[in-house]
Student: 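To start, I am sharing the structure in question, which I have written as C-alpha cells.
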Number of protein chains: 2
Amino acid sequence: MNIGEASERSGLPSKTIRYYEDIGLIRPERGGNGYRDYAATDIHKLRFLQRSRGLGFSVEECRQLLALYEDKSRASADVKSIAEAKLSEIDRKIRELTELRHTLEHLVHACHGNERPDCPILEELSDSAA
Amino acid sequence: MNIGEASERSGLPSKTIRYYEDIGLIRPERGGNGYRDYAATDIHKLRFLQRSRGLGFSVEECRQLLALYEDKSRASADVKSIAEAKLSEIDRKIRELTELRHTLEHLVHACHGNERPDCPILEELSDSAA
DNA sequence: TATGAACCTTCCCGCAACTGGAAGGTCAAC
DNA sequence: GTTGACCTTCCAGTTGCGGGAAGGTTCATA
C-alpha cells in the first residue's frame, strides 16, 4: 500500500511517516517504481507510534516502546518503568503549570484593565522577585 | 558592564542574552574593544525578559510586553488581555495533561510490572482505540 | 494518444528558543 | 611572557515535524 493510504489508516501525515522512516523507526518495502510499500505490520507500527506520541511519549521513548513491543521476551516491568517515568514527568509539568497559573491569575486580577497606563502586571515583571 | 556580569545580574545565560540581541530584543552599547556594554536599563529589560519567559510567555509575547512596558501611554487593558490569553492557554495545557495523566495512570495500574512478557500498556498502544 | 490531475520521490529550508563548540581577540595577574 | 578567564563571531545541533520546489509515475478522460 502506498504512503497515502498508510497515512489514512494510521492517522499520521505522510510527512511524518517519511520522517519516522528517516530516523529509523520503520522500514517499508519499496516497489519497482520506487514508491514505499507498506505492509499490515507497518500500519500496525505506525498506529502504535501515533498512539504513543499522543500519550506524550517522545520519539525516542516511542523507539524504546516499539523495541519492547517487538521483543517477545521483554518483561512488562521494563515497559511499566518507562510509563511511570513519563507519568511523573507529566505530574511535574502539571505542578509547574499550576504554580504559573496562580501567579498569572494573581497578576491579572490585580490589573484594572482600563485605559490608564498603570499596570500591576508590568510592575511585577519589572521590579519585584516573581 | 560586560556580558558576564549582565548574565549574573539578570539570571540569564550569556548565550541567551546574545540571542536576545540577535532577535532585536535588546541593543547594548559596544566598548572600544568590541565588548558589549550593558547599562542599568539593559539589565532591567533582561530581568523583565527572564521573569516573563519564566511565566510562560513566548519570546514574541515578551517582545509585545516589553514594547508595552516602554510605551508610557499604553492602557493596562492591553497588557491584561495578553496575560488573560496566556492564562487560558495554560488552563488548556493543564486540562490536556490531566487527561493524559488519567489515561497513562490507568495503563500503569493495569500493568503487573513483573518478569512476565504480557503487558497491558503495549497491548493498548498496539490494538485498541486509545 | 495526449494531457491533466493526483499521486509519489528526494531535497532543503524553516520553526522556537536556545545550547554547544570552534577559532580567535582581549585583559588582568603573576 | 604566559596563563587563564574573559570576550567576539559563526556554525551546527536540538525536537518533531511542515512547506514547498523540482521532478517521476499512474490513471482517467478527451
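Here is how names work: the chains are called A, B, and so on, in the same order as the sequence lines, proteins then strands, and each is numbered from 1.
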Student: Could you state the atom-to-atom distance from CD1 of B:Ile17 to C1' of D:dC7 in whole Å?
Tutor: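 These atoms are roughly 13 Å apart.
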Student: Would you kindly give the CD-to-P distance between A:Glu29 and C:dT9, to the nearest whole Å?
Tutor: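 Taking CD of A:Glu29 and P of C:dT9, I get 14 Å after rounding.
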Student: Among C:dC8, D:dC7, C:dA17, which nucleotide sits nearest the side chain of B:Tyr19?
Tutor: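 For B:Tyr19, the side-chain atoms sit closest to C:dA17.
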Student: Considering only side-chain heavy atoms of A:Tyr35, which listed nucleotide, D:dG18, D:dG24, C:dG25, is closest?
Tutor: D:dG24
Student: May I ask you to evaluate whether B:Arg63 reaches the phosphate of C:dA17, defined as a side-chain N or O under 4.0 Å from OP1 or OP2?
Tutor: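 No, B:Arg63 has no side-chain N/O under 4.0 Å of OP1/OP2 on C:dA17.
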Student: Would you mind reading off the distance between A:Ile26 atom CD1 and D:dC17 atom P, rounded to a whole angstrom?
Tutor: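 Atom CD1 in A:Ile26 sits about 12 Å away from atom P in D:dC17.
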Student: Of B:Phe57 and A:Ser14, whose nearest nucleotide on DNA chain C comes first from the 5' end?
Tutor: A:Ser14
Student: Would you indicate what B:Ile3 reaches in the nucleic acid, counting non-hydrogen atoms under 4.0 angstrom: base, sugar-phosphate, or nothing?
Tutor: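 Sugar-phosphate, backbone atoms only, no base.
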Student: Considering only NZ, NE, NH1 and NH2 on the basic side and carboxylate oxygens on the acidic side, decide whether A:Lys86 and A:Glu61 come within less than 4.0 Å.
Tutor: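 Yes, charged N to carboxylate O under 4.0 Å.
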Student: On the side chain of A:Tyr20, is there an atom forming a donor-acceptor pair with the base of D:dG16 - under 3.5 Å, no angle test?
Tutor: no
Student: With nearest nucleotide decided by heavy atoms, which residue, A:Thr16 or A:Gly32, maps closer to the 5′ end of DNA chain D?
Tutor: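 Per heavy-atom nearest nucleotide, the more 5' residue is A:Thr16.
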Student: Would you mind reading off the distance between A:Ile23 atom CD1 and D:dG16 atom C1', rounded to a whole angstrom?
Tutor: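 After rounding, the gap between these two atoms is 8 Å.
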Student: Quick test of your reading of the model: are B:Glu99 and B:Arg95 salt-bridged, counting only N-O distances below 4.0 Å?
Tutor: no
Student: Round to a whole Å and report the spacing from CD of A:Glu89 to P of D:dT15.
Tutor: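 Rounded to the whole Å, the gap is 13 Å.
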Student: B:Arg18 CZ to C:dG21 C1': how many Å, rounded?
Tutor: 12 Å
Student: In plain terms, say whether B:Arg36 and B:Glu29 are close enough for a salt bridge, that is, a side-chain N and a carboxylate O under 4.0 Å apart.
Tutor: no
Student: Starting from C1' on D:dC6, measure out to CD on B:Glu5 and report it in whole angstrom.
Tutor: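 Answer to the nearest Å: 13 Å.
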Student: Do A:Glu21 and A:Arg18 meet the salt-bridge criterion of a basic N to acidic O distance under 4.0 Å?
Tutor: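 Between A:Glu21 and A:Arg18 there is no salt bridge, as every charged N stays at least 4.0 Å from the carboxylate O atoms.
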Student: Can you tell me the distance, in whole Å, between the CG atom of A:Asn33 and the C1' atom of D:dG23?
Tutor: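 Going from A:Asn33 (CG) to D:dG23 (C1'), I get 15 Å.
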Student: Look at the side chain of B:Lys15 and the base of C:dG21, then say whether one donor and one acceptor between them are separated by less than 3.5 Å.
Tutor: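 Present.
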Student: Please tell me which of the listed nucleotides, D:dC17, C:dT9, D:dT9, lies nearest to the side chain of A:Arg53?
Tutor: D:dC17
Student: Counting any heavy atom closer than 4.0 Å, what does B:Ser58 reach on the DNA or RNA strands: base, sugar-phosphate only, or nothing?
Tutor: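 The answer is sugar-phosphate, as B:Ser58 gets under 4.0 Å only of primed atoms, P, OP1 or OP2.
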Student: Check whether any side-chain N or O of B:Arg36 sits under 4.0 Å from OP1 or OP2 of D:dT9, and answer yes or no.
Tutor: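 For D:dT9, OP1/OP2 do have a side-chain N/O of B:Arg36 under 4.0 Å.
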Student: Roughly how far apart are B:Cys119 SG and A:Asp78 CG, rounded to 0.5 Å?
Tutor: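 Spacing of SG (B:Cys119) from CG (A:Asp78) equals 9.0 Å.
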